[in-house]
Structures are given as C-alpha cells and as structure tokens.
Amino acid sequence: MRPPVKTEIENLLSKAIGEVFTAGDASPPLEIERTRDTQHGHFSSNIAMRLAKMLGKSPRDIAADIVEALPESDQVAAVDIAGPGFINFRLAPDAFHAELHKIICAEEKYGNSDLGGKRKVNLEYVSANPTGPLHVGHGRHAAYGACVANLLIATGHDVHQEYYVNDAGRQMDIIALSVWLRALQAQGQKFNFPAGAYQGEYVQTIAAELGSAEMPDGLFEALPEDGDAQLDLLIQRVCEALGEEGFDAILEVALDNILADIRDDLGEFGVHPDEWFSEKSLTSSGAVDRALKLLAENDVTYEKDGATWFRAIDYGDEKDRVVVRDNGRTTYFASDIAYHLHKRERGFEDLIDIWGADHHGYVARVTAGLEAMGQPTECLHVELVQFVALYRAGKKVQMSTRSGDFVTLRQLREEVGNDAARLFFVMRSNEQHLDFDLDLAKSKSNENPVYYLQYAHARVCSVMAQLAERGLSWDDETALRALPQLVEEHEQSLMLTLTRFPEIVEAATLQRAPQHVVHYLKELAQEFHAYYNAHKFIVDDDGLRNARIMLVLATRQVMRNGLGLLGVTAPDKM
RNA sequence: GCGCCCGUAGCUCAGCUGGAUAGAGCGCUGCCCUCCGGAGGCAGAGGUCAGAGGUUCGAAUCCUCUUGGGCGCGCCA
C-alpha cells in the first residue's frame with residue numbers, strides 16, 4: 001500500500017535536500033505542514049528558511065536549489081516558492097483519488113499506522129480509591145484514558161491498560177468501619193455516625209449484606225474531639241472486638257462490592273482495563289520490600305525520627321519523603337514507587353499515568369523514586385486531568401465528596417447517555433477545566449456536538465438507503481474511473497480533509513490529545529453537511545453518481561473510525 | 001510564601017508542539033429545500049491573542065517579569 005500523501009512529500013523533499021547538501025552536518029528536522037489556505041497549495045515546507053542561517057544564503061535561493069533537485073512524482077502537480085521562502089506543494093488529483101480508494105479498502109483500519117512500532121506501553125488510569133462509586137470526575141479520567149488507549153493501539157503500540165486498586169491503607173479501614181457501623185444501626189443500635197466516615201447510601205447497601213453485627217462494649221466511650229483520631233480509635237476498637245480476621249472479612253466484603261460496582265460502571269461506559277492491579281499484592285509479593293532494599297543499596301535512604309526517609313531532594317523533589325513510618329508501616333509512596341518499578345520489570349518501555357490535577361505535586365516524587373532506582377526518568381509520562389464542573393440550567397451543580405453529595409458517573413450516564421458523556425469528557429484538553437453542560441449534552445439539537453457528528457454518519461446511511469430504494473447500487477469500478485469528475489469545490493475540500501485523518505490520529509497520539517480528533521470530526525461533519533446541501537449525490541449520470549457515493553462513503557468511514565477512537569457510537573439511524 | 005496549570009470574539013472553546021490575512025460553535029443581523037433526513041446549509045457584524053520586555057527571517061505558540069483565576073505543598077491515599 002502506498003504511503004500517506006504527507007510521507008510521500010517528505011520522502012521527495014529529503015531526497016532533494018540530500019542531493020543539494022551532501023555535507024553531513026546537522027540539518028534542521030524536515031517539517032511538512034498542511035497549508036491553511038489552498039492558495040498556497042496543499043503542503044508547505046519551511047526548510048529553506050531553516051537552512052538559511054547555516055548556509056549563509058537567502059532562503060529563496062536555497063528553495064530554488066531544492067526545487068531544482070526535487071524528483072518527479074505523479075502525486076505532485078506543482079511546486080512553487082512563495083513568501084519568504086516557503087516551498088509549496090500542490091497535489092495531483094490522482095493523489096486524492098488514490099487516498100479515497102485507500103479509505104474504502106482499509107475500512108476500519110484507515111488512520112491506523114505503525115508509528116508505535118509495537119512499543120510496550122503501560123497506561124494506568126482512573127485508579128479511584130475503592131471506597132465508593134465513581135463520580136463524574138472519574139468519568140473524565142475513564143473517557144480520556146480509554147481514548148488515549150485507543151489512539152495508542154491504532155498507531156501500533158502494544159498497550160496494557162491498568163487500574164491501580166488502592167486496597168491497602170487507612171481509607172480502606174475507614175470504609176470497613178463505616179460499613180460495620182451502618183450494620184449496627186440497621187439492627188437498631190443508636191449512635192451518631194462519625195462525620196469522617198463514609199456517608200453515602202451505598203455503605204448501607206453493603207452493610208445489609210453483612211448480616212448480624214454485635215455492638216462491642218464501650219465502643220463510643222471517651223472518644224477524642226479530633227475527627228481523625230476518633231476514627232483511628234474506632235477502627236482500633238472494632239479490630240480488637242472482631243479480631244484482625246473479622247475486620248479483614250468486612251473490608252473484603254466492602255472492597256468486593258465497590259470494585260464490582262466500579263467494574264460494571266466502567267464496562268457499561270466502554271472502558272475495559274486489562275488488569276486490576278492490587279496495591280496490597282505489592283506488599284504480599286515482596287515488591288515493596290525489594291524496592292526499599294534497592295533504595296537502601298543505592299544509599300538514598302536514611303533514618304530520622306524513627307522513620308525511613310528517601311532522599312528525594314537529591315533527585316529534584318522539594319523535600320525528602322518518608323517510605324517507612326515510625327510505626328513500621330510502609331507509606332503509600334513506598335507502594336507507588338514499588339509499583340512503578342514493577343511496571344518496568346514487567347517490560348514496559350513507557351509508563352503513562354493519568355492522574356487528577358490535584359496530584360501534580362506527586363510527579364516529582366515518583367520521578368525521583370524511579371531515577372533513584374536506576375530507571376530512566378523519560379520512561380514516565382504523567383498526564384493530569386483537570387476537574388469537571390456540571391452545569392444545569394446555566395447554574396453550577398454543587399458537589400462535595402465528603403458529604404456523599406456528589407453526582408456519580410452512573411447518574412450522569414443515565415441522564416445524558418454514554419455517547420454524550422464520552423464525547424463531552426474528551427472535547428476539551430485534559431489539562432483544562434471542563435464545564436459540562438448537562439442540558440446541552442441532552443438536547444437533540446444542532447448545538448449538541450454529539451448529534452452533529454452522528455447525524456453526518458446517519459445521513460450517509462440514509463443516502464445509501466435511498467439509493468437502494470431507487471433500485472440503484474454503488475459500483476467501485478465505475479466510481480474509480482469517474483473520480484476525475486469530482487471537480488466541485490466542496491468535493492475538493494472534502495477530499496483534502498479526509499486525507500488529513502491519519503495525520504490527526506498521529507498528532508493526537510503523540511500529544512495524548514483526543515480533543516484533536518473531536519475538532520477534526522466537527523470540521524469533517526461541517527464540510528459534509530455543506531456538500532450535502534450544495535449538491536445532490538444521487539444523480540442520473542452513472543459515473544458522477546458513483547464517484548460522489550464513493551466520496552460520501554469514505555466520509556462515513558472516516559467519521560466512523562474517528563468516533564470509534566473516541567468511544568462514541570456511529571448509528572445508522574437517529 | 002514556594003511549585004504546577006490556565007488567561008484567545010459578548011459566552012464556550014480550537015489553533016496540528018514557531019509559519020503566510022488568528023478560527024469554530026452559541027448568541028446577534030439577514031437569507032436558503034417542489035430536493036438523498038432542516039438534528040442541515042449560506043452570508044454579515046464581532047479581536048490590543050491578559051499586560052510588558054526578550055529570543056529570530058517570523059511569536060497566540062518559546063524565555064523572563066507583572067497581573068487575574070484554579071490546584072497543590074501530610075509519617076492521607
């Protein structure tokens with residue numbers, strides 16, 4: 001299969017440059033861009049201007065030399081020099097026709113590439129604490145992460161998607177305590193439910209599964225004022241009353257329930273991690289101890305105030321970090337560096353972490369940990385996702401995790417549907433705050449981008465149905481021969497836009513920016529709708545009709561592929 | 001106080017990791033089906049790219065400073 005048009009131009013250009021400047025000195029990287037205006041052709045290179053200083057010649061002279069040395073190509077119709085020294089390429093109609101054919105043949109694979117070269121990538125996202133149902137913020141993480149995964153897969157990376165389950169630590173103790181207390185209440189025990197415990201209704205649902213619970217004597221006696229200290233004491237007393245095993249059993253019930261709920265929720269949302277990686281397993285497998293030992297061997301830990309500290313400052317962090325507390329328990333951070341080391345040991349070249357923006361201070365810490373354990377810091381890529389604010393009737397919906405008063409992902413999905421949720425979550429850059437307009441997401445109007453995109457797809461389906469109704473069918477041989485008849489401006493620009501898709505996928509992947517795909521699809525839909533309004537596709541002329549149908553089918557294919565990357569369905573009818 | 005992110009049309013945002021005259025959608029003004037789905041399309045008005053310096057052939061984009069907003073600075077996870 002022939003290379004994408006852009007690659008063809010790149011090849012031509014680098015050949016020409018190699019011929020003109022045989023000297024092996026470092027030349028600036030080739031940059032081929034789409035022109036904004038077709039007045040300047042279709043592709044443009046600034047290479048002559050980049051070389052000007054190095055060669056001590058004027059950009060336009062250099063450009064002339066390069067153009068002179070440019071090999072012939074049936075894909076290029078014209079090359080000229082413009083402005084300060086741009087080399088502009090105008091593609092031959094043939095190039096577009098070949099690309100259209102390629103779209104039709106490649107089907108769902110159009111846009112895919114081997115950019116990644118089977119590189120092993122570990123992508124960790126969501127990783128919400130299993131202490132309650134996912135809320136809308138997690139939904140954004142899920143949608144974004146899944147899109148990045150789709151992009152990486154489409155561009156030939158070997159992707160492993162992971163959800164890190166924080167099933168160890170104090171938060172889990174608190175959820176277990178919360179469940180237990182609710183179980184007591186369900187049996188008629190009267191007491192004030194602690195403010196710091198988990199308030200959500202789901203806690204009572206889980207408590208109902210627990211069956212009978214017995215109130216230990218003096219459970220609430222002489223509790224300290226401080227909320228945290230209060231919880232810790234309660235946990236300690238319940239632990240004593242039930243025994244370690246009894247308490248763990250409750251914890252397991254809570255964990256299983258909540259995790260099952262999260263798994264279902266994500267599954268319905270089209271998000272399917274390959275692995276649910278348990279934090280606890282890092283301790284039981286000895287991975288944490290190994291990491292700590294490695295740090296000690298590298299002489300980057302020390303003892304102070306009864307705790308073990310990691311010299312994070314030496315690796316660019318703001319302060320040193322505790323890895324083993326004075327009570328002997330390892331910290332969350334210790335698990336996390338062990339986890340990242342473990343990922344590397346499993347053979348992943350790139351580790352992509354998707355975290356909440358509130359974790360940005362954590363980046364330096366984990367990077368420091370990896371480096372101190374002898375790992376290259378470039379292997380870690382952290383993407384931060386900013387917060388989501390919901391708007392209903394123009395007003396911000398108040399949410400607070402603490403009081404259990406938050407909108408869950410499931411509620412959101414039920415209200416606006418999976419497609420709208422998936423699209424809205426990735427419409428904006430991940431590092432930008434997202435204002436999620438619930439009314440817009442629900443509206444069946446042209447303002448709603450979900451409908452705008454899906455409508456373009458459905459419209460093509462409708463055209464095909466109409467074609468069949470008239471007893472006609474599409475024939476690719478006829479279409480191929482007749483492609484030169486597609487001379488209308490709408491057709492030219494639609495073809496041009498279609499050929500950009502692989503470049504968009506590539507750019508979106510490299511920048512981990514699915515919103516590029518969204519914006520591209522809007523543009524494609526816009527051009528298609530304009531074309532639809534301006535011209536009839538089902539015309540009497542056999543050739544022209546088939547050619548137009550081919551163009552429209554290619555549009556549908558790209559729309560479908562793009563929506564697929566975003567995790568949004570492409571319905572035939574709406 | 002220190003660190004990270006953000007500031008582009010009235011509103012919500014793009015701007016392809018330095019390119020040619022800064023773009024969409026909504027809203028506003030005026031239009032377009034005897035038609036394959038009007039859930040659509042066309043045209044117009046609307047900008048000191050927060051501000052000031054700098055880097056260079058060239059800056060909304062990169063670097064400093066100022067300013068406004070968000071977030072973070074635990075032996076929590």
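Chain A is the first sequence line, chain B the second, and so forth, proteins listed ahead of strands; every chain is numbered from 1. We use all heavy atoms of the structure for the numbers below, so side chains are in, but hydrogens, waters and symmetry mates are not. Since we're looking at a predicted model, the values are computed, not measured.
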B:A20 pyrimidine/purine six-ring stacking with A:H40, under 5.5 Å and 30°: yes
Given that both distances must come in under 3.5 Å, which nucleotide forms a Watson-Crick or G-U wobble pair with B:A22? none
Nearest to the side chain of A:D326, which nucleotide is it out of B:C75, B:U12, B:C57? B:C75
Figure out the CD/C1' separation between A:E431 and B:U61, and round it to whole Å. 14 Å
Between A:H516 and B:G15, does any side-chain N or O lie under 4.0 Å from OP1 or OP2? yes
Let me know the distance between CG of A:L434 and P of B:C71, rounded to the nearest Å. 15 Å
A:D37 atom CG: more than 12 heavy-atom contacts under 6.0 Å: yes
Rounded distance (Å) that lies between atom P of B:C26 and atom CZ of A:F424: 13 Å
Between A:N561 and A:Q557, is there a side-chain donor-acceptor contact under 3.5 Å, judged purely by atom types and distance? yes
Gap in Å between the two P atoms, one belonging to B:U67 and one to B:A59, rounded: 26 Å
Pairwise 5' ranking along RNA chain B for A:S44 and A:A525, keeping only the more 5' one: A:S44
CG-CG distance between A:L423 and A:N418, expressed to the nearest 0.5 angstrom: 12.5 Å
Pair of N/O donor and acceptor under 3.5 Å linking B:G72 base with A:D358 side chain: no
Out of B:U21, B:A77, B:G19, whichever nucleotide has its closest atom nearest the side chain of A:D37: B:U21
Picking from B:C36, B:C73, B:A77, which would you name as closest to the side chain of A:F537? B:C36
If the cut-off is 4.0 Å, is A:R325 near the phosphate of B:C76, judged by side-chain N/O to OP1 or OP2? yes
A:Q466 side-chain proximity, nearest of B:C75, B:C5, B:C36: B:C36
Does the side chain of A:K319 get closer than 4.0 angstrom to OP1 or OP2 of B:G74 through an N or O atom? yes
Compare the aromatic ring of A:F86 with the six-membered base ring of B:G19 and state whether they stack according to the 5.5 Å and 30° rule. no
Hey, what do you get for CG (A:N129) to CD1 (A:I258), rounding to the nearest 0.5 Å? 10.0 Å
Could you give the distance separating B:C75 and B:U55 at their P atoms, to the nearest angstrom? 45 Å
Under 4.0 Å, counting only non-hydrogen atoms across every strand here, what does A:A465 touch: a base, just sugar-phosphate, or nothing? nothing
Listed nucleotide nearest any side-chain atom of A:R36, set B:A77, B:A20, B:C75: B:A20
In whole Å, what is the span from the CG atom of A:L384 to the P atom of B:G70? 18 Å
Distance below 4.0 Å between A:Q432 side-chain N/O and B:U12 OP1 or OP2: no
If you measure from the P atom in B:A60 to the same atom in B:G53, how many Å do you get, rounded? 14 Å
Counting heavy atoms from C-beta on, name the nucleotide in B:C75, B:U21, B:G41 closest to the side chain of A:N533. B:G41
Taking the same atom, P, in B:G15 and in B:A20, what whole-Å distance lies between them? 15 Å
From the options B:A20, B:C73, B:G38, select the nucleotide whose nearest atom is closest to the side chain of A:N88. B:A20
Give none if B:G3 has no partner; otherwise give the nucleotide forming a Watson-Crick or G-U wobble pair with it, both distances under 3.5 Å. B:C71
Could you measure the distance from the CG atom of A:L384 to the OH atom of A:Y144? Nearest 0.5 Å is fine. 9.0 Å
Interatomic distance, CD@A:Q454 vs CG@A:D419, rounded to 0.5 Å, equals 4.5 Å
Taking the side chain of A:A82 as its heavy atoms from C-beta onward, which of B:C36, B:C75, B:A20 lies nearest to it? B:A20
Nearest of B:C36, B:C13, B:G19 to any side-chain atom of A:D435? B:C13
I'd like the P distance from B:A24 over to B:A45, given in whole Å. 12 Å
Start with the C-alpha distance between A:T499 and A:E99, add both sets of side-chain angles, then the distance that settles side chain to side chain donor-acceptor pair (under 3.5 Å), and finish with yes or no. CA-CA 7 Å; A:T499 65; A:E99 196 72 8; over 6 Å; no
Does A:Q515 put a side-chain nitrogen or oxygen below 4.0 Å from OP1 or OP2 of B:A24? no
Between A:D305 (CG) and B:C75 (P), how many Å, whole number? 10 Å
Rounded distance in Å - CZ (A:R365) to P (B:C2): 20 Å
Side-chain N,O (A:Y452) to OP1/OP2 (B:C26) below 4.0 Å: no
Have a look at A:R470 and say if it touches a base, only the backbone sugar-phosphate, or nothing, with a 4.0 Å heavy-atom cut-off. sugar-phosphate
Would you check, one step at a time, whether the test side chain to side chain donor-acceptor pair (under 3.5 Å) holds for A:E279 with A:Y339? CA-CA 8 Å; A:E279 179 188 352; A:Y339 179 38; over 6 Å; no
Whole angstrom value for the distance that separates P of B:G15 from CD of A:E33: 15 Å
In the structure shown, which nucleotide is the Watson-Crick or G-U wobble counterpart of B:G53, with both distances under 3.5 Å? B:C63
Atom C1', compared across B:C73 and B:G10: separation rounded to whole Å: 38 Å
Roughly how many Å apart are B:C13 and B:C6, using the P atom of each and rounding to a whole number? 14 Å
Which nucleotide, in any strand shown, forms a Watson-Crick or G-U wobble pair with B:C16, with both distances under 3.5 Å? none
Of A:R170 and A:T35, the one whose closest RNA chain B nucleotide lies more 5': A:T35
Given B:G25, B:A14, B:U12, which nucleotide is nearest the side-chain atoms of A:Q526? B:G25
Quick check: A:H516 with A:H519 (ring centres under 6.0 Å apart)? no
Interatomic distance, A:W355 CH2 vs B:C4 P [rounded to whole Å]: 16 Å
Any N or O donor-acceptor pair linking the side chain of A:H360 to the base of B:C71 at under 3.5 Å? yes
Any N or O donor-acceptor pair under 3.5 Å from the base of B:A77 to the side chain of A:S335? no
Side-chain N or O of A:Y332 versus OP1/OP2 of B:C75: is the shortest distance under 4.0 Å? no
